[in-house]
Amino acid sequence: MNEQNIHPTLFTYNSLLNGLVGSSFIESAERVFVAMKEGRIKPDVVTYNTLIKGYCKIGKTRKATEMVREMEVINLEPDVVTYMTIMQACYSEGDVDCCLSLYHEMEDKGFQVPSHCYTLLICGLCKTGKVLEAYALFENMLRNGCKGNKAVYTALIDCYGKSGNSDGALRLFERMKMDGIEPDEVTYGAIVNGLCKSGRVEEALGYFRFCNENAVVVNAVFYSSLIDGLGKAGRVDEAEKVFDEMAEKGCLPDSYCYNALIDGLCKCGRIDDALVLFKRMECDGCEHTVYTFTILISELFRVHRNEEAVKMWDLMIDKGITPNVACFRAFSIGMCLSGKVARACKVLDELAPMGVVLETAYEDMIGALCKAGRVKEACKLADGIVDRGREIPGKIRTVMIHSLRKAGNADLAIKLMHSKIGIGYDRMRSVKKRVKFQTLVDN
DNA sequence: TTAGGGTTAG
């Protein structure tokens, strides 16, 4: 046996490292890595890439990036795999800017940019709604000899649809087929969603029929878009039919489907049917979500069933569902307009210790009151907010001015702009004369 | 021995 067979080779080390990283034994991998650096066989680019993958896998993208710098220090050139590993991690974290800068770095270094790199960039840009940049990169991708793929086309189609350009989406759809890429249920889902969002429900139904006739199995995402589109177009009876049909076809409605139908029923004034479906949702084993509650709370307030709306809110909190900004907006606006401004503020205070911070809450409440012409109550609320030191007076003042202007009350907005209301009160809340908002409507 | 993507909501 020669020496090479007795001692572990670089290949052995790297394989060992890969196994450890694959099982998320990162600390053991680090020990092996240190041993390599101190030993006879020095780490190579594969060693580094493997460890970088390990860091990315456990969410330590920063540490992974530091490893690249370490490579540069020892004159070990990072390769395409190094860049792609980190880019994949950035993509998973939703950091498209990081992906872009890695891409530019690769280009600067003269690397052959892999097709998957373009895929990640285009999908990332589409997710953030940057349709033009995404399309420009798509053209780059083709120019550089890469072929379009299902994910790229679907992401672009979805992004075009969401930006209100369904015609652009349909053109890409045709191009995709010409390119020899077969659309699947996800692609059709994106098409249907885009069409529904721009009110082209009839065409969406056409694609639905096409899928049914051509053995394209429609999934719950597709159904939810269609149910939502039909409901928003006031065709809730058809939405109900589609909803029932999906279960018959063995596709269980998920919370998106329930919420879309509940919303459609509300929009058609069938709140009681919506409440029945709300109960059925739970019985069918489908969890209520913050969206379910938001839809129902808004609608109950809208039809002045205020008590029930409040009960709905309490039920949500009892169930441990955390309200988001939109949900609290629906609740607080309803409360303000039904004259319970103080109660809405109290609820907001109670949410803070639960770790729920709703940044625009006061703006929404002041805005709703101004819009309803209830400026006096808006002023009282504004004073209350400043009294409790919840916001700096200057910000509340700006909010009031914007709200008044938006509500068409330009006279009061100008009066507030030129007055000293809210000013003269410093951030340290030392006692200083402060002119109350209330004085705006007192005389 | 090292990198893999896309669709749903007020």
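The model shown is predicted, which means the values in this text are computed figures rather than measured ones.
Side-chain atoms of A/N49 come within donor-acceptor range of the base of B/dT2, with a qualifying N/O pair under 3.5 Å. Residue A/T187 places a side-chain atom within donor-acceptor reach of the base of B/dG6, judged by atom type and a 3.5 Å distance cut-off alone. You won't find any donor-acceptor pair under 3.5 Å spanning the side chain of A/D263 and the base of B/dG10, going by distance alone. With hydrogens and angles ignored, a donor-acceptor pair closer than 3.5 Å exists between the side chain of A/D184 and the base of B/dG6.
Note on A/Y91: a side-chain N or O is less than 4.0 Å away from OP1 or OP2 of B/dG6. Residue A/K53 places at least one side-chain N or O closer than 4.0 Å to OP1 or OP2 of B/dA3. Close to B/dT7, at under 4.0 Å from its OP1 or OP2, lies no side-chain N or O of A/K150. Residue A/K127 places at least one side-chain N or O closer than 4.0 Å to OP1 or OP2 of B/dG6.
Taking the six-membered ring where the residue is Trp, the centroids of A/Y153 and A/F138 are separated by under 6.0 Å. Taking the six-membered ring for Trp and the full ring otherwise, A/F111 and A/Y103 have centroids separated by 6.0 Å or more.
For A/K197, whose side chain is taken as the heavy atoms from C-beta onward, the closest listed nucleotide among B/dA9, B/dT7, B/dG5 is B/dA9.
Note on A/A326: a base of the nucleic acid sits closer than 4.0 angstrom, heavy atoms only. Counting any heavy atom pair closer than 4.0 Å across all strands shown, A/D44 reaches no nucleic acid atom. Using a 4.0 Å heavy-atom criterion, one finds that A/K232 contacts the sugar-phosphate atoms exclusively.
With rounding to whole Å, A/L10 atom CG is found 13 Å from B/dT2 atom P.
Salt-bridge annotation for A/K346 and A/E350: present, with a side-chain N of the basic residue lying under 4.0 Å from a carboxylate O of the acidic one. Between A/E245 and A/K249 there is a salt bridge, since a side-chain N of the basic residue sits under 4.0 Å from a carboxylate O of the acidic one.
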